[in-house]
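Read the structure below first, then the notes.
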Amino acid sequence: MPRYDPHSIEPRWQEYWERNKTFRAVEDTSKPKLYVLDMFPYPSGEGLHVGHPEGYTATDMYTRYQRMRGFNVLHPMGYDAFGLPAEQYAIETGTHPGATTERNIANIRRQIKRLGFSYDWDRELATTDTDYVRWTQWIFLLMYETWFDPDAEWTDPDGRRRRGRGRPIDELPVPPGVRAQGEESVRRHRDLFRLAYQAEAPVNWCAALGTVLADEEVINGRSERGNHPVQRLPLRQWMLRITSYADRLVEDLDTVQWPEPIKEMQRNWVGRSEGAEVDFFAGEPGPDYAEWRAARSRRGYPDQPDALSIRIYTTRPDTLFGATYMVLAPEHPLVDRLTSPERKQEVDAYRQRVAAMSEEDRITGRGEKSGVFTGGYATNPVTDEMIPIWIADYVLISYGTGAIMAVPGHDQRDFEFANKFGLPIRAVVMPPQSWLQKMQVRQEDYAGRIGSLSEAFVDEGQGMQSENEDVSLDGLPTPEAKKAITRWLGESGLGTAAVKYKLRDWLFSRQRYWGEPIPILHELDADGKPSDLTVPVPDAELPVTLPEMEDFKPTGHPGGPLEKAVSWVHTRVDGREMRRETNTMPQWAGSCWYYLRFCDPRNETLAWDPAKERHWMPVDLYVGGAEHAVLHLLYARFWHKVLFDRGKVSTMEPFRRLINQGMILSITYRTAEGRIVPYTKIDFHEGKAIHTETGEELSGETEKMSKSRGNVIPVDVPLQQYGADTTRLYEMFMGPIEDTKPWSMQGVEGISRFLNRAWRMIVDEDADELRLNSKVVPPSGPEGEPTLEQLRTLNKTLKAVTADLEALRFNTAISRLMEFVNFFTAQKARPAVCMERFVLMLSPLAPHLAEELWLAMGHSDSLAGARWPDFEEQYTRDDMMEVPVQINGRLRARLLASSSASREELEQAALSDPKIRKHLENSAIRKVIVVPGKLVNIVAG
RNA sequence: GCGAAAGUGGCGGAAUUGGCAGACGCGCUGGACUUAGGAUCCAGUCCCGCAAGGGGUGGGGGUUCAACUCCCCCCUUUCGCACCA
C-alpha cells in the first residue's frame, strides 16, 4: 500500500470499530464520567451539508481525546424525527410520513457513519420510535398530574433556599367549599392548576399549515416554517404552564456555563420585569369614588379587582402623577361596560378592525398609533383628576393586565399617542442635565415645553410635580420614588408591588398527524359530546400510537387530521365511552428529554433507570446551533425542572456547558449576468474561478447555504473527493467552532496535502505494502535516540495540542501538528518514539489515518484504547532565546540570550549591542524596562 | 428602536496575564524534479521604498515604557428581540 488512500483505509476501520463496539459506553464508576451530546438532527430529505457535521466533528474529537485521558464517556446520536416536512410530503404524495422519515434517517445515518464518529450506536434512537413516544407521553401525563406550588420552600442541591416547586396534583389544597360540591367539582378545581391544562387562548392560527403555532414559531407575523400568514384566533388548546417556572429558568442560568449571549437571550425571552399593579377607580371623582377609596383603605388591596376598578400594571409607579389617561387593550373584558352609548359604534368598529388584522398587519402598522376614546373616565388616585379611558392596539391583552395608565411625559408610546390625539402631557420626572442639553431645553422650561419636545424622557431622574396631601415624590431619585409610591399604594389598598413576564404559557397542541398523540381521553356528556372533563390514558395503555391513515390533509378546524380516524377516536375505559384527544404534540416535545433517554435507551419498564441517570447526568458538554437559543433550550430546561421537582432526575439543569457552533457559509459563484454556477462547472486556477464551459471568470461571494442559492455543499462532496479524515480536519481547521466561516473547496485541498505529508513522514510510499519510511528509526537503531531539538519539538507540540484539545481549539491544534510534520519531514532521522507520539496526538482528529499509521508502526490492536501521551515540561523550554530590544517601543535589535538571563544581564547585553548603541548616539537613556524571558525596552529621548 | 457579538494581509485565520502583529493553511511569485503538472520538493510573499527607513490590527481620541488586547466617542457588519407598559 504505497500511497495514502483514505477510501480503502476508512471503511476498513469503520467496520472494525463497529464490529468491536469500540465506542460502546458502559457505566464505569472507577473513572470520571463525561457526557458529551450533539443536538440531534432533523432527518430532512436533503441529507447533511458540510455545515451540519461541524459540531459533531468537534464533539467527536473531544470525546476521543477524553477517552484517551481516562474518562468514562457517553456520546450518543439520534434523530428528531417528527415534524412538518415529512407530513407535507405525505400530503403531496400520499407517502406515509413514517416511510419518508425512515428513508431519510437511513441516509443521514450513512453520512454520519461515513465521517467515522465515535458514537455508541447501540444507543441510537429516533423520537418517532414507539418505545420513545411512550415515554414522551408519560412525561406529558406527569405534567398533567403536577401543579406548581408558588409558596413551597425547599433547599436545592447546591444548598440554597428556594421557593416554588411542582408537586403531585393530589397534594393541591382543595377549598372546603369546592370539596363540598363533590368529586366533579374537585376535578375541575384541579384542572385549573395542572401544568398541562386546556385553555381558551388567543392562538396563532396558520391557515396554510392548518395548525396552531407557538409564539416562538411565528416570525414577524408569519410561520417560521413555510412563511405563511398567521392570524390570532381564540381556541381551546393544551397549554404547558412554563410561566410558573419563569423565575427558576432565569435564576438557574447563573449555574450553567453557557455563552453569555445565549443566557441573555433567554433572560430577554422570559422578560421578567418588576413594577406595581394599581387599581384605578372606573368612574369620575365624587361620592362614589370617595366611598371606594375609603373601602380600599379599610380592606386593603384585593387579589382580584372589584367591579368598580380597572387594574393596570406599570414598571414606573413613580410616574403615577403623570398618568393623564388610560388605555385598555381592545379585547379587554371591561371595554363594553366602560364604553358610553354614543361611543359604542366607533369602539365596536375599532375592535372589529383590530380583531380582523393578521399578525403581520399589526406589525407593519406598528409605530403609527391608532385608538379610540371609549367615552368612559377613571380617576387618577393621586391627583384625583378625571382621566379619559381609551382603547388602542398598542396595549396587548396578553401582557400584564391588558390595561395601562398612560404617562405620556415619560413613555415614548404614550407620548406619541397623546400627541396624535391631543391628550395632556405632564412632566413628573426631571431629566438629568445631559438629556436636557441634548434636547436643547432649560430645566425651568422643561415642564412647560414637554409636549413640544421630539421625544419623551423615559429614563431615571428625579420626581417633580408629584405631590398631594398624603404623599410626595418631589426631588426623589426614581428608585426611591418607586419605593415610596408603592408603599403608599399598599397602605391605601390601591396597589402592590408586582412581577410580570413576557414569557407566555407554552401552546402545546398541534392540529397535525405526524406528532406524538396527546394521551388524554375526553369524557362524554349525556348527549355523547365531549365534556370539558378529561382523564389520562392509563399507563398500561401507553403509548398511544398514531392510527394508520391515507389522507393526511389538515382539516382546517381544531380537531386536526386525527379526527378522521373515527374508530381510533372512539374508545372505552372501564366500559365508559370516551373520545381521544386528536391534537398532537409540537415537534419540540421529543427533543425535550432525549438526552435522558440516552442514559438508558433500551429500558422497557422505565423511561430511564435512576441509577443510570445519576451516573451520566448532567450533560457535560452540549453542542449545537445558536438557532435553538430560546426554543429548544428553554423548553428542555422547563421539562427538566418539572422532572426534577417530581423526583425523576437528580440535577436542576440538564446541560452544564453549552457551545454554539457557528454557521458555515458557502461561496456562491456567479456569471456576469448573475447566474449561479455550480461547483461541478468551475475550474479553480491561478486563484481564479473559471467556468469550464464558457471560460468566463466568475466572481464569488460568501453567503448562507440555501437551496434557492444553489450553493449547498452536501457533505458527500468532500467525503467522496478526500475522505472522512480530510473532511473532519477541514471542518475544524477553518476557524474557531463558534465563528461563522466560509467553506472553501481549495482550503480542503491544503488539509489533504497535510495528511499526505503526515503519511509520507511515517510510511514508505514506494513500498508495495504498508511499511515504515526508512527515515523512521527504532529506538535501538543508530540515531534512534531523539536529539534535544527533536525532543523539544515533540514536547512543545504535545503541550500545546493538549491545551488546545482541552479548550476545543481544534484549529490551532491542527496548526501545531502541521508544524510538527514540517519539522520532522526535514529530519533525516525520525525517531520512532516521536512518530508514535505524533500518531497518538493525531488520533482524535484523524482517527482512520492514525489507526493505519499505528498499524504501520507495528501495533496489532486499535489505538482507541491507548493513553494520551504526557509531555515533559523540561523539554518545552529552550535554554537560549531571542530577546527583542525596543527603543521607545520600536523594535531595534534582537539579542541571543540565555532564557534564564537576569534583568541585569539582559540590560547589559541590550545596552552594549552595536545597533542599539548606534540608535542611542544622540539621546539620553531615561529608563530601561526589562521583562525577563520577554523583551527589553529602552526609554530614551 | 432595544440588546448582544464581531471588525487583523488577496482569502480562512494566529497572537496565556498588555510585551517581537500576521503562526498554520489557501492563493500567488520564482526555482528544482519531470514527457507533463493543477503531483512533490525548495525559496519568497502585510503595505510603501532600490535601500536606509517609514507605515500598519474599521476610524478618532485616551491610559501606559509598551495596546489587536484596557477606557471613551464614532462607523460598519452579523445575530437576537421588537408597541411587553
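Everything quoted here is computed from the prediction, not taken from an experiment. The analysis underlying the following values was restricted to heavy atoms, covering all of them including side chains, and did not include hydrogens, waters or symmetry mates.
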Inset, instruction - Would you kindly give the CZ-to-P distance between Arg504(A) and rC81(B), to the nearest whole Å? - result: 14 Å
Legend entry - Contacts of type ring pair (Phe, Tyr, Trp, His ring centres under 6.0 Å), residue Phe421(A), not counting sequence neighbours: Trp390(A), Phe417(A)
Give each protein N/O atom lying under 3.5 Å from an N/O atom of nucleotides 39-46 of chain B, with the pair distance.
unit_1: rU40(B); atom_1: O3'; unit_2: Arg760(A); atom_2: NH2; d: 3.1
unit_1: rC41(B); atom_1: OP1; unit_2: Arg760(A); atom_2: NH2; d: 3.3

Close N/O contacts between protein and nucleotides 49-51 of chain B (under 3.5 Å):
none

Inset, instruction - Go through the structure and list residues passing ring pair (Phe, Tyr, Trp, His ring centres under 6.0 Å) with Phe824(A), not counting sequence neighbours. - result: Phe820(A)
Inset, instruction - Using a cut-off of strictly less than 4.0 Å between a heavy atom of the residue and any atom of RNA chain B, enumerate the qualifying residues of residues 400-410 of chain A by number. - result: Ile404(A)
Inset, instruction - Give one of base, sugar-phosphate or nothing for Ser398(A), where a contact means two heavy atoms less than 4.0 Å apart. - result: nothing
Inset, instruction - Sticking with atom C1', work out how far rG13(B) lies from rC33(B), rounded to a whole angstrom. - result: 33 Å
Inset, instruction - With C1' as the reference atom in both, quote the distance from rU76(B) to rG22(B) in angstrom, rounded to an integer. - result: 23 Å
Legend entry - Interatomic distance, Glu260(A) CD vs rC79(B) P [rounded to whole Å]: 21 Å
Legend entry - Residue of the set Ile938(A), Leu906(A), Val939(A) for which side-chain contact (heavy atoms from CB on, under 4.5 Å) holds with Val928(A): Ile938(A)
Inset, instruction - Please work out if Lys502(A) contacts a base, only the sugar-phosphate, or nothing of the nucleic acid, heavy-atom cut-off 4.0 Å. - result: base
Legend entry - Pairwise P distance, rG10(B) and rC28(B) [rounded to whole Å]: 16 Å
Inset, instruction - Mind checking Ser744(A) for me? I need base, sugar-phosphate or nothing, with any heavy atom below 4.0 Å counting as a touch. - result: nothing
Inset, instruction - Take the protein atom CE of Met265(A) and the nucleotide atom P of rG3(B), then report the distance between them rounded to whole Å. - result: 16 Å
Inset, instruction - Would you tell me if any nitrogen or oxygen in the side chain of Thr740(A) comes within less than 4.0 Å of OP1 or OP2 on rA6(B)? - result: no
Inset, instruction - Indicate yes or no: at least one non-hydrogen side-chain atom of Thr726(A) is less than 4.5 angstrom from one of Gln721(A). - result: no
Legend entry - Between rG12(B) (P) and Ile664(A) (CD1): distance, integer Å: 14 Å
Legend entry - rC26(B) versus rA43(B) - spacing of their P atoms, nearest Å: 14 Å
When you compare the protein's N or O atoms with those of nucleotides 14-21 of chain B, which come within less than 3.5 Å of each other, and at what distance?
unit_1: rA14(B); atom_1: OP1; unit_2: Asn811(A); atom_2: ND2; d: 3.0
unit_1: rC20(B); atom_1: O2; unit_2: Arg894(A); atom_2: NH1; d: 2.1
unit_1: rC20(B); atom_1: O2; unit_2: Arg894(A); atom_2: NH2; d: 3.2
unit_1: rC20(B); atom_1: N3; unit_2: Arg894(A); atom_2: NH1; d: 3.1

Inset, instruction - Look at all strands and tell whether Val395(A) reaches a base, only sugar-phosphate, or nothing, counting heavy atoms closer than 4.0 Å. - result: base
Inset, instruction - Tell me, please, which residues at least two apart from Lys934(A) pass side-chain contact (heavy atoms from CB on, under 4.5 Å). - result: Val931(A)
Pairs under 3.5 angstrom only: tabulate donor-acceptor contacts from the side chains of residues 318-331 of chain A to other protein residues two or more places apart or in another chain.
unit_1: Asp318(A); atom_1: OD1; unit_2: Arg316(A); atom_2: NE; d: 2.9
unit_1: Asp318(A); atom_1: OD2; unit_2: Arg316(A); atom_2: NE; d: 3.4
unit_1: Asp318(A); atom_1: OD2; unit_2: Arg316(A); atom_2: NH2; d: 3.0
unit_1: Thr319(A); atom_1: OG1; unit_2: Arg316(A); atom_2: O; d: 2.7
unit_1: Thr324(A); atom_1: OG1; unit_2: Pro424(A); atom_2: O; d: 2.7
unit_1: Tyr325(A); atom_1: OH; unit_2: Asp414(A); atom_2: O; d: 3.0
unit_1: Glu331(A); atom_1: OE2; unit_2: Arg362(A); atom_2: NH2; d: 3.2

Inset, instruction - Take atom P in rG38(B) and the same atom in rG31(B), then report the distance between them in whole Å. - result: 14 Å
Legend entry - Interatomic distance at P, rU57(B) relative to rA4(B), whole Å: 26 Å
Inset, instruction - Establish, with yes or no, whether the OP1 or OP2 oxygen of rA85(B) is under 4.0 angstrom from a side-chain nitrogen or oxygen of Tyr399(A). - result: yes
Legend entry - RNA chain B stem ranges, 3 or more consecutive Watson-Crick or G-U pairs under 3.5 angstrom: B:1-7 with B:75-81, B:10-12 with B:24-26, B:27-32 with B:40-45, B:46-48 with B:53-55, B:58-62 with B:70-74
Legend entry - side chain to side chain donor-acceptor pair (under 3.5 Å) against Glu703(A), all qualifying residues, sequence neighbours excluded: Thr668(A), Arg670(A), Arg709(A)
Legend entry - Separation of the P atoms in rC71(B) and rU64(B), to the nearest angstrom: 16 Å
Inset, instruction - Salt-bridge test for Glu731(A) and Arg728(A): reply yes if a basic N is under 4.0 Å from a carboxylate O, no otherwise. - result: no
Legend entry - Residues Lys796(A) and Glu819(A) bridged, charged N to O under 4.0 Å: no
Legend entry - Whole-Å P distance, rC24(B) and rC46(B): 12 Å
Legend entry - Rounded distance in Å - CE (Met745(A)) to P (rG12(B)): 18 Å
Legend entry - Side-chain heavy atoms of Trp743(A) within contact of Pro718(A), under 4.5 Å: yes
Legend entry - Ion pair check, Glu274(A) and Lys500(A), cut-off under 4.0 Å: no
Inset, instruction - Return yes if some donor-acceptor pair links the side-chain N/O of Ser899(A) with the main-chain N/O of Asp878(A) below 3.5 Å, else return no. - result: yes
Inset, instruction - Let me know, please, whether Ile938(A) or Tyr730(A) comes out on the 5' side of the other along RNA chain B by nearest nucleotide. - result: Tyr730(A)
Legend entry - Set of residues satisfying salt bridge (charged side-chain N to carboxylate O under 4.0 Å, His left out) with respect to Arg426(A), sequence neighbours excluded: Glu385(A)
Legend entry - Any Arg890(A) side-chain nitrogen or oxygen under 4.0 Å from OP1 or OP2 of rG56(B): no
Legend entry - Length of the line joining Asn268(A):CG and rA5(B):P, which is rounded to integer Å: 12 Å
Inset, instruction - Mind calculating the distance between CZ (Arg272(A)) and P (rA85(B)) to the nearest angstrom? - result: 12 Å
Legend entry - Any residue meeting side chain to side chain donor-acceptor pair (under 3.5 Å) with Lys438(A), in chain and number order, not counting sequence neighbours: none
